[in-house]
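Reviewing the structure listed below.
In listed order, ligands and their atoms are each counted from 1. Along the sequence shown, residues are numbered consecutively beginning with 1.
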Amino acid sequence: MNKNKKTALITGANRGIGKEIAKKLINKGVQVIGTSTTKDGVKTIDDYLKGNGFGLVLNLKNTNSIAEKIKEIYQKKYSIDILINNAGIKQDNLLVKMKNKEWEDVIKTNLSSVFYLIKSIIRPMIKKRQGRIITISSVIAYIGNKGQVNYSASKSGLIGFHKSLALEVASKGITVNLVSPGFIKTRFTNTLDSVQYKKYLSNIPMKRLGKKEEIADAVIFLSSSKASYITGHTLHVNGGMYMI
Ligand SMILES: NC(=O)c1ccc[n+]([C@@H]2O[C@H](COP(=O)([O-])OP(=O)(O)OC[C@H]3O[C@@H](n4cnc5c(N)ncnc54)[C@H](OP(=O)(O)O)[C@@H]3O)[C@@H](O)[C@H]2O)c1
């Protein structure tokens with residue numbers, strides 16, 4: 001790892017969309033610091049990074065630990081030029097049955113953690129007068145879903161957050177954008193039974209789930225110099241299931 005090379009921090013980089021983003025960024029010559037909640041996850045990250053970065057244990061539910069963890073990266077003299085807030089969870093239940101913990105865990109992991117992470121990296125980015133912040137939202141932020149008041153609230157909360165932050169840092173050379181996936185084939189959607197699967201498919205004009213590569217490509221574009229005049233934007237990648 002080279003301390004002067006462009007570096008991206010990606011949360012949830014041990015599998016799914018985050019891992020795909022990491023692999024594509026490495027191919028573009030960016031080194032990656034990838035997070036996982038477990039040591040096994042960190043090993044997976046270290047294995048595929050092959051020296052183009054390193055893995056870090058980080059549990060976003062522990063919002064109070066985030067600033068300390070990020071400090072470790074700066075103490076090692078790495079900069080964070082690109083932040084990809086990818087990690088996310090769902091804990092589905094109808095509102096009448098939803099436990100307080102199911103609400104709080106999802107809001108903490110998907111929304112509050114983004115505030116703590118960005119607070120930890122924004123001053124050095126401002127000082128450098130360059131940076132890219134890209135966060136993974138969801139089509140559910142826009143259309144809602146039964147059993148997901150917690151998840152949709154967390155993902156739509158990100159929209160106002162990112163528009164406001166984009167305004168605050170636009171003159172500092174930092175862009176702030178969201179990528180909003182539809183239904184993508186990862187472990188996240190593996191839990192759908194065949195009835196749910198058919199129902200979701202019937203709402204996707206392209207008649208297929210998206211691939212994690214298709215989300216990663218959108219992220220790569222927003223992190224590149226080709227997207228230098230795009231900020232406060234949501235890039236929808238959903239096979240036509242939601243259009244604005
Ligand atoms: N797949 C879809 O259809 C879809 C659609 C719309 C939006 N999204 C969003 O896309 C993002 C990535 O999803 P995915 O499909 O790649 O899901 P995934 O395969 O389930 O991966 C989730 C990632 O989040 C990490 N994570 C979970 N809890 C965490 C915590 N408390 N602290 C830190 N990291 C945590 C996991 O790390 P560990 O394994 O180490 O816990 C894992 O790397 C999420 O934000 C999700 O909401 C996905």
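- Other residues, nucleotides and ligands contribute only 12 or fewer heavy atoms inside 6.0 Å of the NZ atom of K39.
- Within the listing of ligand 1, atoms 16 (O), 19 (O) sit less than 4.0 angstrom from a heavy atom of G16.
- With ligand atoms numbered from 1 in the order given, ligand 1 contributes 30 (C), 31 (N), 32 (N) to contacts under 4.0 Å with heavy atoms of N59.
- The side-chain heavy atoms of M98 and V149, taken from C-beta on, include a pair separated by under 4.5 Å.
- Note: an N/O pair closer than 3.5 Å links S36 and ligand 1 by distance alone.
- Residue pairs meeting the side chain to side chain donor-acceptor pair (under 3.5 Å) criterion with at least one member in residues 12-29, sequence neighbours excluded: K24-D217.
- Nearest protein heavy-atom neighbour of atom 14 (P) of ligand 1: T186 OG1, 3.7 Å.
- Below 4.0 Å from some heavy atom of L58 lie the following atoms of ligand 1, by number and element: 32 (N), 33 (C).
- Within the 4.0 Å heavy-atom shell around ligand 1 one finds I89.
- In this structure, the ring of Y78 has its center less than 6.0 angstrom from the ring center of F54.
- Counting protein heavy atoms only, atom 3 (O) of ligand 1 is closest to I184 N, 2.8 Å.
- The option from G18, G12, G88 that lies nearest to atom 22 (C) of ligand 1, judged by heavy atoms, is G88.
- Looking only at protein heavy atoms, the nearest one to atom 19 (O) of ligand 1 is R15 NH1, 3.1 Å.
- If you check which protein heavy atom lies closest to atom 13 (O) of ligand 1, you get I17 CD1, 4.1 Å.
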TODO: Output, in order, the C-alpha distance, side-chain angles, deciding distance and verdict of salt bridge (Lys or Arg N to Asp or Glu O under 4.0 Å) for R208 and E214.
DONE: CA-CA 12 Å; R208 66 170 177 86; E214 291 169 320; 2.8 Å; yes
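- Partner of H162 under the side chain to side chain donor-acceptor pair (under 3.5 Å) criterion, out of N177, T135, N85: T135 alone.
- Using a 4.0 Å cut-off to heavy atoms of L60, the atoms of ligand 1 that qualify are 30 (C), 31 (N), 32 (N), 33 (C).
- The closest approach between any non-hydrogen atom of K90 and ligand 1 is not below 4.0 Å.
- Closest heavy-atom approach to atom 5 (C) of ligand 1 within the set G34, S113, G182: this belongs to G182.
- Looking only at atom types and distance, the side chain of Q148 has a donor-acceptor partner in the side chain of D92 under 3.5 Å away.
- Among all non-hydrogen protein atoms, the one lying nearest atom 7 (C) of ligand 1 is S137 O, 3.2 Å.
- If you check which protein heavy atom lies closest to atom 12 (C) of ligand 1, you get N86 OD1, 3.2 Å.
- The aromatic rings of Y142 and Y242 sit tilted relative to each other, their planes meeting at an angle between 30° and 60°.
- Close approach of ligand 1 to K61 (heavy-atom distance below 4.0 Å) involves ligand atoms 31 (N).
- The F183 neighbourhood of ligand 1 comprises atoms 3 (O), with distances under 4.0 Å to a heavy atom of that residue.
- Distance from atom 26 (N) of ligand 1 to its nearest protein heavy atom, with residue and atom name: A87 CB, 3.9 Å.
- Counting non-hydrogen atoms of neighbouring residues, nucleotides and ligands closer than 6.0 angstrom, the NZ atom of K69 exceeds 12 such neighbours.
- K5 NZ: more than 12 foreign heavy atoms inside a 6.0 Å radius.
- When non-hydrogen atoms are compared, ligand 1 lies under 4.0 Å from the side chain of K155 (C-beta onward) but not from its backbone.
- By the neighbour-count criterion of 12 heavy atoms within 6.0 Å, atom NZ of K207 is densely surrounded, having more than that number from other residues, nucleotides or ligands.
- With 3.5 Å as the limit, one finds no donor-acceptor pair spanning the side chains of S120 and K71.
- Counting atoms of ligand 1 from 1 in the listed order, those under 4.0 Å from a heavy atom of I136 are 9 (C), 10 (O), 11 (C).
- Listed by number with element, the atoms of ligand 1 under 4.0 angstrom from any heavy atom of P181 are 5 (C), 6 (C), 7 (C).
- At the shortest separation from atom 47 (O) of ligand 1 among protein heavy atoms lies Y151 OH, 2.6 Å.
- No more than 12 heavy atoms of other residues, nucleotides or ligands lie within 6.0 Å of NZ in K43, so this atom counts as exposed by the packing criterion.
- The side chain of T189, and not its backbone, has at least one atom closer than 4.0 Å to an atom of ligand 1 (non-hydrogen atoms only; side chain from C-beta on).
- Using bins of under 30°, 30° to 60° and over 60° for the plane-to-plane angle, the ring pair Y151/F188 lands in the tilted bin.
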